[in-house]
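This report refers to the structure that appears directly beneath it.
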Amino acid sequence: MKRILKIRDLTLRDGQQSQFATRMSQAQVDKVLPYYKEAHFYAMEVWGGAVPDSVMRYLNESPWDRLESIKRGVGESSKLTALSRGRNLFGYNPYPDSVIEGFCKNAVASGIDIMRIFDALNDIDNMKSSIRFVKEAGGLADCAVCYTVDPKFSGGEKLRAFLSGKKLPSDIFNIRYFVEKAKALEALGADMITIKDMAGLIDPHRSASLIKALKSEVGVPIDLHTHCTPGYGVASILAAMVNGADIVDTAILSFSGGPAAPAYEIIRLFADKLGLDTGIDNAAVAKIDRTLREIRGELAAYDQYKRMPPEVDLSKDSLSSELNRLFDDALEYTVGGKLDKALDLCRKIEAAYNYPEPDEIVQKAQIPGGMYTNMMAQLKEAKLEQHLEEVLKAVPQVRLDAGVPPLVTPTSQIVGVQAVNYVVSKTKGEDGYANVSKNFAELVKGSYGKTPWPVDPDFRLKICGSREEIPYDTSNYKKQPNPGLPEAGGSLLALDEKEALLLELFPSVAEKFLRGRRVAEWKREHPEGTIATTAPTVEAEPETFSPSLLQNCEIPAFSSFAADLPADYQVNDGHDEEYWIYAVENAQ
């Protein structure tokens, strides 16, 4: 009997978010659903991440309608999965259990079968509520451990630390670290464990060792999620497959590569050569890919690489003898443990599929590509591009001062912003922490959870005014207001629990979206144009908007952009993926 390899398709969430700024409309998604129903992927990631924010902000569509439409289109042929940041759900701020429970319950009821739950600090306490509520709602808890690497310090930094009597961290994020996190999550009821490598930093050596260790000590299925940015993606997924991974994450060929995940088509070829059964219909996948190629053309404005892979139909096409040899040799070297040689061949395979070249800065600096891009945007606006090397050198120090958080969203952006602030302050002859972002201060204070390395109490006192860690406190949490709208005949802004959750999770974006929806509904029901002016009496609770993310992070690149916003414009603090994109696009 063949060993089964389950494949989770990322195209409709992570794929389009990584490649095309999450701009697929509902009409575009609907075009591929009949073919996905035929394909029978084990699972499809379709929701969470930047999707709910983006479909309201840019497309004027309902996130709940998006999810329910996909469920109707795919039926039971694939499990639907979503991404959640545990206690923070979609942003930076911790939510009370009542909000987390409502989100998990409604997500499962609307079609989510698997919730991938992670925490940017790998603080398991921040994941407990989501695990419990997802399982109580009948969903599967996919508990993710964020992959990261230790900070790199120069010889001079190590010497200065030694002479000052300070200890620099080393070997924090070793194999045992990830195995112990996985075992703790399994004990809490995880139905599967994902190694979530959003920066693509896991190389094939680490992939092989880590998967092998997890398979020997953890009883639930193991999934590897990675990206292709620094050029390890295909080789690392192959190493995981050879060493027993139960599930791997891929994207359809035309939405794969670069900042996205490896292609299903490439991984399927390796699976076939290994005798692994995926249960996926290749002819249906070819139909998906052909449709996505048309959609990619429609999304050309958001396509940063504009490098289309060659069209491949695995149900009828065969490899050229040269390419087939590359696959065979890469597989042979991986099975034999010669992973450097396998990596070289896998990169040649990626080149044959017209993937962007590996990002050498991400490789060497070992930081996510988006973090690097945002730091460059800050420096360019401040006309300090010549200080890039200083910023890259500052990242390990800033990260150490903050407790060595994993460099994943949102901590990667918090550390990156602060590293630029640090260098900018130094160029002015000021203390490196003369300009501290709100989010960095909250990270140091302890509001986001336990950091992997203890924050120096003296540093915490300097940044936050307290030597002691101050954890998050949701006891004073106040719900977002749900007023009646005179311009919509007095209708409440949110009409049901799902819409109320949008207000809780995306206050400013959801308020604008729902207000427009209510007014449009009123106009459809009253074509004569009569507008009611009396709203029912609703006791509105105080608004709890944080200051805008642009101001909180004190980013020079966005200050002029923020100044040009309408007086009534508000930015919801914390939903960084789309805000960075939006701010960068509009700050040019």
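The first residue of the sequence shown is numbered 1, and numbering continues consecutively from there.
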With K196 as the cation and F118 as the aromatic partner, state whether NZ or CZ is under 6.0 Å from the six-membered ring centre and within 45° of the axis. yes
Exam field: side chain R8 to backbone A43, donor-acceptor pair closer than 3.5 Å: no
Show your working on side-chain hydrogen bond (donor to acceptor under 3.5 Å, both in side chains) between T229 and D359 and close with a plain yes or no. CA-CA 6 Å; T229 317; D359 190 317; over 6 Å; no
Are the aromatic ring centres of F41 and Y264 under 6.0 angstrom apart? yes
Less than 4.5 Å apart, any side-chain heavy atom of E497 and any of N106? yes
Using side-chain heavy atoms (C-beta onward) and a distance below 4.5 Å, is R66 in contact with L59? yes
Just wondering, do L339 and D203 contact through their side chains at under 4.5 Å, heavy atoms? no
Other residues, nucleotides and ligands only: do more than 12 of their heavy atoms fall within 6.0 Å of OH on Y42? yes
Closest heavy-atom pair and its distance - A240, L224: CB-CD2, 3.7 Å
Looking at D277 and R3, is any side-chain nitrogen of the basic one under 4.0 Å from a carboxylate oxygen of the acidic one? no
Sidechain N-carboxylate O distance under 4.0 Å for K287, E38: yes
Residues E136, K105; criterion salt bridge (charged side-chain N to carboxylate O under 4.0 Å, His left out); working and verdict: CA-CA 8 Å; E136 286 177 357; K105 177 186 69 176; over 6 Å; no
Could you list the residues that satisfy side chain to side chain donor-acceptor pair (under 3.5 Å) with K128, not counting sequence neighbours? D125
Taking the side chain from S207 and the backbone from P204, do they hold a donor-acceptor pair closer than 3.5 Å? no
So, N324 and K273: side-chain donor and acceptor under 3.5 Å apart, yes or no? yes
Criterion side-chain hydrogen bond (donor to acceptor under 3.5 Å, both in side chains) on N374 and Q413, from CA distance to verdict: CA-CA 8 Å; N374 293 330; Q413 304 300 356; 2.7 Å; yes
Shortest non-hydrogen contact between D123 and G449, atoms and distance: OD2-CA, 3.3 Å
For the pair E186 (side chain) and G219 (backbone), establish whether a donor and an acceptor sit closer than 3.5 Å, ignoring hydrogens and angles. yes
Here the gap from L276 atom CG to L5 atom CG, rounded to the nearest 0.5 Å, amounts to 5.5 Å
Donor on one side chain, acceptor on other, R347 and Y355, under 3.5 Å: no
Measure the CG-CG distance between N243 and L214 for me, rounded to the nearest 0.5 Å. 11.0 Å
Can you tell me if Q16 uses its side chain to pair, donor with acceptor, with the backbone of L12 under 3.5 Å? yes
Is it true that, when you exclude K498 itself, more than 12 heavy atoms of the residues, nucleotides or ligands shown sit nearer than 6.0 Å to its NZ? yes
Flag the pair T81 / M44 as yes when at least one side-chain heavy-atom distance between them is below 4.5 Å, and no otherwise. no
Ignoring hydrogens and geometry, is there a side-chain-to-backbone donor-acceptor pair from S25 to Q28 under 3.5 Å? yes
Interatomic spacing from OG1 in T11 to CG in L253 - rounded to 0.5 Å: 10.0 Å
Sub-3.5 Å donor-acceptor pair from the side chain of K306 to the main-chain atoms of A300, do we have one? yes
Considering only NZ, NE, NH1 and NH2 on the basic side and carboxylate oxygens on the acidic side, decide whether E76 and K71 come within less than 4.0 Å. yes
Within the distance-only criterion (no hydrogens, no angle test), does the side chain of Y95 pair as donor or acceptor with the backbone N or O of E504 below 3.5 angstrom? yes
Do V335 and L331 pass the side-chain contact (heavy atoms from CB on, under 4.5 Å) test, and can you show the C-alpha distance, the side-chain angles, and the key distance before you say yes or no? CA-CA 6 Å; V335 172; L331 181 55; 4.1 Å; yes
Check A261 against C228 and note the closest heavy-atom contact, atom names and distance. C-SG, 3.7 Å
With no hydrogens and no angle check, do the side chains of S110 and E68 hold a donor and an acceptor under 3.5 Å apart? yes
Greater than 12 external heavy atoms within 6.0 Å of K316's NZ: no
Rounded distance [0.5 Å steps], CG in D272 versus CZ in R268: 4.5 Å
Short side-chain to backbone donor-acceptor contact, D197 and C146, under 3.5 Å: no
Taking atom NZ as the centre, does K212 end up with more than 12 heavy-atom neighbours from other residues, nucleotides or ligands that are less than 6.0 angstrom away? no
Would you say the rings of F255 and F20 are close, in the sense that their centroids are separated by under 6.0 Å? yes
So that I can tick it off, tell me whether E294 and K31 are bridged by a salt bridge, with the cut-off set at under 4.0 angstrom between side-chain N and carboxylate O. no
Straight-line distance of S216 OG to I211 CD1, nearest 0.5 Å: 11.0 Å
May I ask you to say whether E61 pairs ionically with R517, meaning some side-chain N is under 4.0 Å from a carboxylate O? no
Test item: side-chain donor near acceptor, D9 and Y36, under 3.5 Å: yes
Please identify which of these residues, L201, I237, L343, T226, meets the side chain to side chain contact (heavy atoms under 4.5 Å, CB included) condition with Y232. L343
State, with a plain yes or no, whether a side-chain heavy atom of S84 is found less than 4.5 Å away from one of F103. yes
Geometric class of the W47/F90 ring pair [parallel <30°, tilted 30-60°, perpendicular >60°]: perpendicular
Looking at R293 and E298, is any side-chain nitrogen of the basic one under 4.0 Å from a carboxylate oxygen of the acidic one? no
Between R116 and D142, does at least one N-O distance fall below 4.0 Å, as a salt bridge requires? yes
Thinking salt bridges, do R87 and D119 make one under a 4.0 Å N-O criterion? no
Enumerate the salt bridge (charged side-chain N to carboxylate O under 4.0 Å, His left out) contacts for residues 229-244, please, sequence neighbours excluded, ordered by first and then second residue. none
According to the interplanar angle, ranging from 0 to 90°, do the rings of F327 and F270 count as parallel (below 30°), tilted (30 to 60°) or perpendicular (above 60°)? tilted
With a 4.5 Å cut-off on side-chain heavy atoms, are M56 and L514 touching? no
Is there a donor-acceptor pair under 3.5 Å between the side chain of S236 and the backbone N or O of I202? yes
Strictly below 4.0 Å, N to O, side chains only: are D97 and R132 in salt-bridge contact? yes
Sequence neighbours left out, what passes side-chain contact (heavy atoms from CB on, under 4.5 Å) with A137? Give chain and number order. V108
Is a salt bridge present between D246 and K6, judged by a nitrogen-to-oxygen distance below 4.0 Å? no
Compare all side-chain heavy atoms of P358 with those of P230 and state whether any distance is below 4.5 angstrom. no
Verdict with reasoning, S54 to R23, per side-chain hydrogen bond (donor to acceptor under 3.5 Å, both in side chains): CA-CA 7 Å; S54 185; R23 293 303 204 279; 4.5 Å; no
Do any N or O atoms from the side chain of S78 and from the backbone of H40 form a donor-acceptor pair under 3.5 angstrom? no
Out of curiosity, L80 CG to I112 CD1, how far, rounded to the nearest 0.5 Å? 5.5 Å
